[in-house]
**Q** 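Structure in structure tokens, see below.
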2 protein chains.
Amino acid sequence: MARGREIADEPEVKDFDFPRVLNAIADPIRLAIVTQLAAAPNDVSCGSFILPVHPSTATHHFTALRQAGVIHQYYAGTSRMNVLRRDDLNATFPGFLDAVLSAAAKTQTSAT
Amino acid sequence: MARGREIADEPEVKDFDFPRVLNAIADPIRLAIVTQLAAAPNDVSCGSFILPVHPSTATHHFTALRQAGVIHQYYAGTSRMNVLRRDDLNATFPGFLDAVLSAAAKTQTSAT
DNA sequence: GCAATATTTTGATCTACATCAAAATAGACT
DNA sequence: AGTCTATTTTGATGTAGATCAAAATATTGC
């Protein structure tokens with residue numbers, strides 16, 4: 001325990017809003033975050049993503065994903081770790097995440 | 001024939017760009033257009049959609065959907081008809097359209 | 001050709017948000 | 001406490017795009 005404090009503004013599953021989720025992943029940078037996170041075997045710290053933007057801009061994108069319910073974040077030491085909310089998304093929007101990931105893999109994201 | 005002229009800026013299937021498709025349907029008005037179109041038994045004229053925006057704004061949204069490859073448009077008399085490019089989308093992004101439609105049906109679009 | 005209907009184009013405005021830089025904060029370690 | 005690393009917050013800027021109103025265009029039917 002005490003692995004790290006939770007961030008409080010993640011929506012519960014019952015409050016998931018589909019347009020908001022769509023808007024969150026529609027941004028190329030954020031789609032890159034989601035695909036890199038989905039491909040990683042473990043949780044990923046913010047700084048480990050390969051993104052073509054300034055760290056402060058990346059924070060903004062992580063916040064958008066988190067507040068839409070796409071990712072979960074927690075502190076681990078000085079790093080902030082990111083987890084894809086696969087089960088929550090699958091339960092609420094069946095098939096959506098998988099379809100997005102396979103579609104994104106097909107087209108060049110160009111935001112790496 | 002001469003059922004109506006085609007509009008020339010619709011992308012071919014091979015040129016489909018997933019981030020662009022995502023961005024197209026991420027707008028609440030455009031998502032409403034897609035869901036209403038998917039639910040309709042026949043092709044739908046622009047004026048038949050129930051949308052909370054000015055007609056000239058609707059035109060802008062139809063253009064975004066068309067240029068992303070989500071819809072096909074053709075003239076029929078004084079009306080412009082809209083068709084969802086189901087087969088093209090399914091072929092390129094398998095499962096994506098169905099997942100979006102069922103997810104959109106679950107959450108209130110609020111843009112009707 | 002003229003009128004009526006449907007849609008688009010143009011022009012203008014306004015807001016959302018993606019971006020960066022610099023300063024501030026948080027935790028780990030010595 | 002002080003330093004180092006990681007990330008966020010604040011502040012400022014710039015641009016994309018959502019919106020409406022008014023004028024223009026297209027097609028049908030008289």
Side-chain angles (χ1 to χ4, degrees), chain A residues 1-10 17 19-20 22-34 37 43-68 71-83 109-111, chain B residues 1-10 17 19-34 37 43-68 70-83 109-111:
Chain A
M1 55 175 64
R3 176 80 46 71
R5 296 180 320 299
E6 304 294 316
I7 289 92
D9 60 354
E10 297 177 4
D17 179 69
R20 185 165 197 176
L22 265 183
N23 184 69
I25 66 170
D27 181 275
I29 302 291
R30 295 195 289 258
L31 185 58
I33 291 173
V34 170
L37 196 49
D43 300 353
V44 183
S45 70
C46 290
S48 298
F49 288 88
I50 300 172
L51 300 172
V53 292
H54 192 282
S56 62
T57 303
T59 293
H60 162 250
H61 289 303
F62 286 119
T63 301
L65 287 169
R66 186 184 68 243
Q67 292 181 341
I71 63 173
H72 166 70
Q73 290 188 307
Y74 63 93
Y75 278 107
T78 119
S79 293
R80 197 171 208 172
M81 305 302 292
N82 298 273
V83 192
T109 336
S110 81
Chain B
M1 58 175 66
R3 174 80 46 72
R5 297 179 320 300
E6 303 293 316
I7 289 91
D9 60 355
E10 298 178 5
D17 179 70
R20 185 165 197 174
V21 171
L22 265 184
N23 184 68
I25 66 170
D27 181 276
I29 302 291
R30 295 196 289 259
L31 184 58
I33 291 173
V34 170
L37 195 50
D43 300 352
V44 184
S45 71
C46 289
S48 297
F49 288 88
I50 300 173
L51 301 172
V53 292
H54 192 281
S56 62
T57 302
T59 293
H60 162 251
H61 288 303
F62 285 120
T63 301
L65 287 169
R66 186 183 69 243
Q67 293 181 341
V70 177
I71 63 173
H72 166 71
Q73 291 189 304
Y74 63 93
Y75 278 107
T78 121
S79 293
R80 196 171 209 173
M81 306 301 292
N82 299 273
V83 192
T109 336
S110 80

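The structure presented is a predicted model; accordingly, all values stated were derived computationally and were not measured. So you know, we letter chains A, B, ... as the sequences are listed, proteins then strands, and number each from 1. In what follows, every heavy atom counts, from backbone to side chain, and hydrogens, waters and symmetry copies are set aside.
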**Q** Round to a whole Å and report the spacing from CZ of Phe49(B) to P of dT8(C).
**A**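 So the two atoms are 11 Å apart, to the nearest Å.
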
**Q** About how many Å separate CZ of Arg30(B) and CD1 of Ile71(B), when rounded to the nearest 0.5 Å?
**A**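 Reported value, rounded in 0.5 Å steps: 10.5 Å.
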
**Q** Starting from P on dA6(D), measure out to CG on Asn82(A) and report it in whole angstrom.
**A** 15 Å

**Q** Can you tell me the distance, in whole Å, between the CE atom of Met81(A) and the C1' atom of dT7(D)?
**A** 13 Å

**Q** By the 4.0 Å heavy-atom rule, please label Thr59(B) as base, sugar-phosphate, or nothing.
**A** base

**Q** Identify the two heavy atoms, one from Ile25(B) and one from Leu22(A), that lie closest to each other, and give their separation to 0.1 Å.
**A** O-CD1, 3.5 Å

**Q** For nucleotides 13-19 of chain C, print each protein N/O atom paired with a nucleotide N/O atom at under 3.5 Å, atom names and distance only.
**A**
unit_1: dA18(C); atom_1: OP2; unit_2: Arg30(A); atom_2: NH1; d: 3.0
unit_1: dA18(C); atom_1: OP2; unit_2: His60(A); atom_2: NE2; d: 3.2
unit_1: dT19(C); atom_1: OP2; unit_2: His61(A); atom_2: NE2; d: 2.4

**Q** From CG of Leu65(B) over to P of dA18(D), roughly how many Å is that when rounded to an integer?
**A**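 One finds 10 Å between P of dA18(D) and CG of Leu65(B), rounded.
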
**Q** What's the angle between the local helix axes at either end of the helix from dG1(C)-dC30(D) to dT30(C)-dA1(D), using five pairs per end and rounding to 10 degrees?
**A** 20°

**Q** Might you point out which heavy atoms bring Gln73(B) and Glu10(B) nearest each other, and give the distance in Å?
**A** N-OE2, 2.8 Å

**Q** To the nearest angstrom, how far is Leu51(B) atom CG from dT8(C) atom C1'?
**A** 16 Å

**Q** Listed by chain and number, what are the side-chain contact (heavy atoms from CB on, under 4.5 Å) partners of Thr59(B), not counting sequence neighbours?
**A** Thr63(B)

**Q** How many whole angstroms separate atom CD of Gln67(B) from atom C1' of dT8(C)?
**A** 13 Å

**Q** Rounded to whole Å, please give me the gap between CG in Leu31(B) and C1' in dA18(D).
**A**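 Rounded to whole Å, this separation is 16 Å.
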
**Q** Give one of base, sugar-phosphate or nothing for Ser45(A), where a contact means two heavy atoms less than 4.0 Å apart.
**A** sugar-phosphate

**Q** Do you know the tightest heavy-atom contact between Ala58(B) and Val53(B)?
**A** N-CG2, 4.1 Å

**Q** If you compare all heavy atoms of Ala24(A) against all heavy atoms of Ala64(A), which two are closest, and at what distance to 0.1 Å?
**A**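 Shortest heavy-atom separation between Ala24(A) and Ala64(A) comes out as CB-O, 4.2 Å.
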
**Q** Do Pro28(A) and Asn23(B) touch side chain to side chain, with heavy atoms closer than 4.5 Å?
**A**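 No. Closest side-chain heavy atoms not under 4.5 Å.
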
**Q** Find the distance between CG (Leu37(B)) and CG (Leu65(B)) and round it off to the nearest 0.5 Å.
**A**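 So the CG of Leu37(B) and the CG of Leu65(B) are separated by 9.0 Å.
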
**Q** If I compare all heavy atoms of Gln67(A) with all of Asp9(A), which pair ends up nearest, and what's the gap?
**A** NE2-OD2, 2.7 Å

**Q** Assuming nearest nucleotide by heavy-atom distance, tell me which of Phe62(B) and Thr78(A) is located more 5' along DNA chain C.
**A**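 So the residue in question is Phe62(B).
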
**Q** Taking only N and O in the side chain of Arg80(A), is any of them less than 4.0 Å away from OP1 or OP2 of dA6(D)?
**A**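 False: Arg80(A) side-chain N/O out of range (4.0 Å or more) of dA6(D) OP1/OP2.
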
